[in-house]
Amino acid sequence: MNQRTVIVLAAGQGKRMKSDVPKVLHPLLGRSLVGHVLAATAALRATRTAVVVGHGAAQVTAHLAEVAPAATTVTQQEQNGTGHAVRVALGALPPLTGTVVVLNGDTPLLRAETVADLVATHEAAGAAATVLTAEVADPHGLGRILRRPDGALDSIVEERDATDAQRAVREINSGLYAFDAAHLGPMLGKLTSQNDQGEEYLTDVLGLLAAAGEQVAAYRAPDATDVLGCNDRAQLADLRARMRDRVNHAWLTSGVTLLDPATTWIDVTVTLGRDAVVEAQTQLYGQTHVGAGARVGPDTTLVDTVVGERAALVRTHATGAEVGDEVSVGPYAYLRPGSVLGRRSKVGTFVETKNARLGEGAKVPHLSYVGDATIGEYTNIGAATVFVNYDGVAKHHTVIGRHARTGADNMFVAPVRVGDGAYTAAGSVITADVPPGALGVSRAAQRNIDGWVARRRPGTAAADAADLARAGTGPEADPATGGGPAQGADPTAE
Ligand code: UD1
Ligand code: CA
């Protein structure tokens with residue numbers, strides 16, 4: 001196989017983004033712009049990938065170290081044009097042979113197939129250079145492809161250097177090229193800066209090669225959306241919507257149901273199992289996986305979260321959580337990192353979990369915070385429970401055993417343990433361990449002070465209501481018994 005080198009141009013500032021973040025680092029459904037471009041070249045199995053950096057070089061270099069550690073970065077101190085950028089790259093690399101593929105760092109919709117087709121066409125023809133072109137409705141701002149009467153490529157002219165007649169051409173330069181290394185270096189040396197921008201244009205290499213009688217091919221992209229660039233945030237939003245449609249279409253044809261694709265955003269890094277259902281207004285990000293037959297949404301955001309088979313997450317926000325098979329979450333749940341929910345467990349309405357393990361079938365149904373806790377299998381946590389995990393200095397862990405039943409409105413002040421099969425009474429603040437099978441209670445006995453309202457709040461609506469109730473003539477009076485205090489109202493009755 002031919003030796004291949006990939007050079008990605010990413011030194012530009014991206015002025016029109018009006019951002020402190022270098023343009024190529026802006027995110028788009030799971031990868032940065034340059035991350036998408038690099039992913040599209042992965043199948044080329046290039047011997048070397050170089051990224052030309054300049055503006056925001058430190059940020060771009062740090063990002064590449066994370067997402068493409070094998071790539072070399074080459075710094076272009078002054079941005080004197082795309083031709084200059086490639087010249088700087090060649091100067092920094094060992095002598096090249098074979099095919100040199102050059103791409104812009106800001107065309108994230110470029111597909112691997114398109115890059116592979118361009119390179120295959122180029123290598124099969126043995127051309128000196130091959131450029132990917134596209135026929136577009138609005139060529140504004142892009143380089144135009146000028147062809148000779150016989151259809152062969154003559155040259156590429158930038159819009160600002162073009163005549164009116166040349167501007168009428170709708171076949172544009174995508175910025176993706178394959179070069180024969182033997183021709184590229186020498187021609188880069190012949191570039192001048194005699195153009196409107198005073199820059200060395202890489203596009204001129206193709207014109208020079210054609211003029212020298214070398215074979216220069218233009219390969220037209222079957223789908224023009226592949227080569228859409230990103231220069232401002234409006235274009236970025238447009239590219240994101242197109243990428244969303246592309247990703248969603250791929251899942252819809254792979255056995256996944258999306259109830260409202262227009263409001264469903266799935267990163268390219270996410271995976272979904274067969275018969276998974278994604279409801280409206282749902283975002284699946286990062287290393288998220290949704291298991292077969294699971295249902296997520298509506299109004300759900302999952303970041304780096306693994307969802308088991310046949311689980312259901314409704315109106316849930318989860319980050320770094322692991323949700324087992326057949327688990328039920330929400331509506332209105334917040335799963336934070338380290339939440340591990342065992343098979344068939346439940347995290348219900350208005351519940352927040354963090355660094356918390358629920359055993360199989362364990363339930364936290366309502367209004368609770370579960371932080372730094374281990375809850376055993378088939379245990380039920382009462383409504384409005386707080387795992388008090390932080391003493392203002394350090395975090396502590398609470399362990400609740402299996403088949404335990406804790407009362408409503410409990411505080412578990414960590415570190416504390418509740419044994420297997422233990423109960424706790426409603427309203428308890430549990431600060432000491434509860435042995436297996438015991439009932440933990442920690443609350444003052446109730447005391448009723450009779451007649452307090454009549455004495456201390458006379459003349460109020462409450463006092464009037466109490467009078468009527470005691471006289472047996474209030475609206476609650478039961479005609480069958482002639483009124484009087486309701487049964488069971490005696491606080492000492494058990
Ligand atoms: C370039 C092409 C144009 C094509 C368009 C496609 C040239 C002269 N023009 O125009 O024909 O239609 O791409 O999007 O090549 N860069 C550097 N160093 C530099 C200059 C640019 O690394 O000194 C990088 C930029 O970061 C960017 C890429 O090269 O990723 C393209 O540069 P840009 O200035 O956007 O070129 P265009 O004017 O869009
Ligand atoms: Ca551009």
Side-chain angles (χ1 to χ4, degrees), residues 6-17 19 21-26 32-38 50-57 59-61 64 73-92 101-110 129 131-136 138-146 153 155-162 166-167 169-177 179 187-188 191-208 218 220-221 224-232 235-236 239:
V6 168
I7 298 176
V8 177
L9 307 185
Q13 181 176 11
K15 234 183 244 159
R16 283 172 284 166
M17 296 295 281
S19 177
V21 177
K23 175 166 83 177
V24 295
L25 297 194
H26 277 258
S32 61
L33 300 185
V34 69
H36 281 290
V37 172
L38 289 168
V51 181
V52 180
V53 300
H55 275 281
Q59 270 171 282
V60 179
T61 303
L64 292 171
T73 54
V74 175
T75 305
Q76 184 194 18
Q77 296 294 358
E78 268 180 77
Q79 283 72 51
N80 290 334
T82 48
H84 179 250
V86 175
R87 196 152 65 77
V88 169
L90 292 195
V101 181
V102 179
L103 312 91
N104 288 352
D106 64 354
T107 52
L109 294 194
L110 196 58
V131 55
L132 182 77
T133 73
E135 191 84 29
V136 296
D138 176 16
H140 179 75
L142 295 165
R144 307 297 205 279
I145 302 296
L146 305 182
L153 187 136
S155 58
I156 301 174
V157 62
E158 292 307 295
E159 175 163 281
R160 51 206 304 167
D161 302 307
Q166 290 169 335
R167 283 182 198 193
V169 171
R170 292 196 300 114
E171 187 181 11
I172 57 93
N173 167 25
S174 70
L176 166 58
Y177 323 82
F179 294 98
M187 277 308 176
L188 283 170
L191 291 181
T192 67
S193 307
Q194 281 153 18
N195 51 55
D196 187 65
Q197 295 191 82
E199 291 182 348
E200 293 177 35
Y201 287 170
L202 180 59
T203 45
D204 287 347
V205 167
L206 291 98
L208 289 170
R220 214 174 288 204
T225 60
D226 259 51
V227 303
L228 289 171
C230 174
N231 294 309
D232 59 37
Q235 285 173 348
L236 179 59
L239 296 185

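Side chains included, hydrogens not; waters and symmetry mates left out as well; all remaining heavy atoms used. Counting convention: from 1, in listed order, for ligands and their atoms alike.
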*Asks:* Any nitrogen or oxygen of Gly12, main chain or side chain, under 3.5 Å from a nitrogen or oxygen of ligand 1?
*Replies:*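 N/O-N/O distance below 3.5 Å exists for this pair.
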
*Asks:* Does even one non-hydrogen atom of Ala11 get within less than 4.0 Å of ligand 1?
*Replies:*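 True for this residue.
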
*Asks:* Could you tell me if the side chain of Leu176 sits less than 4.5 Å from the side chain of Val227, heavy atoms only?
*Replies:*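 Counting from C-beta outward, Val227 and Leu176 never come under 4.5 Å.
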
*Asks:* Heavy atoms only, cut-off 4.0 Å: how does Glu158 contact ligand 1, side chain, backbone, both, or neither?
*Replies:*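 The answer is the side chain.
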
*Asks:* Pick from Val205, Leu191, Val102: which one makes a side-chain contact (heavy atoms from CB on, under 4.5 Å) with Val86?
*Replies:* Val102

*Asks:* Can Ile172 be said to touch ligand 1, with heavy atoms closer than 4.0 Å?
*Replies:* no

*Asks:* May I ask you to identify, for His84, whether its side chain, its backbone, both or neither come under 4.0 Å of ligand 1 on a heavy-atom basis?
*Replies:*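 It is neither part, as no heavy atom is under 4.0 Å.
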
*Asks:* Below 4.5 Å, heavy atoms only, C-beta onward: do Ser193 and Glu199 meet side chain to side chain?
*Replies:*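 Not in contact.
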
*Asks:* For Pro139 versus Ile172, what's the shortest heavy-atom pair and its separation?
*Replies:* CB-CG2, 3.5 Å

*Asks:* Using a 4.0 Å heavy-atom threshold (strictly under), name the region of Asn80 that reaches ligand 1: side chain, backbone, both or neither.
*Replies:* backbone

*Asks:* Between ligand 1 and Gly141, is the shortest N or O to N or O distance under 3.5 Å?
*Replies:*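 Such a contact does not occur with ligand 1.
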
*Asks:* Under 4.0 Å from a heavy atom of Tyr201: which atoms of ligand 1 are those, numbered in the order shown and with their elements?
*Replies:* 8 (C)

*Asks:* If you measure from atom 18 (N) of ligand 1 to every heavy atom of Glu78, Gln197, Gln79, Gln76, which option wins on shortest distance?
*Replies:*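 Answer by nearest heavy atom: Gln76.
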
*Asks:* Looking at side-chain heavy atoms only, is the closest gap between Asp226 and Leu109 below 4.5 Å?
*Replies:* no

*Asks:* Considering Val86, Leu9, Asp161, Ile145, which one's heavy-atom position lies nearest to atom 24 (C) of ligand 1?
*Replies:*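 Result: the heavy atom closest to atom 24 (C) of ligand 1 is in Leu9.
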
*Asks:* Which ligand 1 atoms, with their elements, are less than 4.0 angstrom from a heavy-atom of Gly143?
*Replies:*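 Per the distance check, 3 (C), 4 (C), 11 (O), 12 (O).
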
*Asks:* Would you call Ala10 a ligand 1 contact, heavy-atom distance under 4.0 Å?
*Replies:* yes

*Asks:* Which ligand 1 atoms, with their elements, are less than 4.0 angstrom from a heavy-atom of Thr82?
*Replies:* 7 (C), 8 (C), 15 (O), 20 (C), 21 (C), 29 (O), 31 (C), 32 (O)

*Asks:* With atoms numbered from 1 as shown, which atoms in ligand 1 lie under 4.0 angstrom from a non-hydrogen atom of Gly105?
*Replies:* 30 (O)

*Asks:* In the structure I gave you, are the side-chain heavy atoms of Val24 and Val60 within less than 4.5 Å of one another anywhere?
*Replies:* yes

*Asks:* Run the side-chain contact (heavy atoms from CB on, under 4.5 Å) test on Leu33 and Leu236 for me, step by step, so that the C-alpha distance in whole Å, both residues' side-chain angles and the decisive distance to 0.1 Å come before the verdict.
*Replies:* CA-CA 9 Å; Leu33 300 185; Leu236 179 59; 3.9 Å; yes

*Asks:* Output yes when a side-chain donor or acceptor of Ser174 lies under 3.5 Å from a complementary backbone atom of Leu132, and no otherwise.
*Replies:*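 Between the backbone of Leu132 and the side chain of Ser174 there is a qualifying donor-acceptor contact (under 3.5 Å).
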
*Asks:* With no hydrogens and no angle check, is any side-chain donor or acceptor of Asp204 less than 3.5 Å from a backbone partner on Leu208?
*Replies:*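 Such a contact is absent between Asp204 side chain and Leu208 backbone.
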
*Asks:* Determine yes or no for a side-chain-to-main-chain donor-acceptor pair under 3.5 angstrom, with Asp161 supplying the side chain and Asp196 the backbone.
*Replies:*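 Flag set: sc Asp161 to bb Asp196 pair under 3.5 Å.
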
*Asks:* Can you tell which part of Ala85 has a heavy atom less than 4.0 Å from ligand 1: side chain, backbone, both or neither?
*Replies:*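 The part of Ala85 near ligand 1 is the side chain, not the backbone.
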
*Asks:* Count the heavy atoms of every other residue, nucleotide or ligand shown that sit under 6.0 Å from CD of Gln194, and state whether that count exceeds 12.
*Replies:*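 Open: at most 12 neighbouring heavy atoms sit under 6.0 Å from CD of Gln194.
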
*Asks:* Taking atom 31 (C) of ligand 1 as the point of reference, which of Thr107, Asn104, Leu176 owns the nearest heavy atom?
*Replies:* Asn104

*Asks:* Please check whether Asp106 reaches ligand 1 - meaning an N/O of the residue sits under 3.5 Å from an N/O of the ligand, judged on distance alone.
*Replies:* no

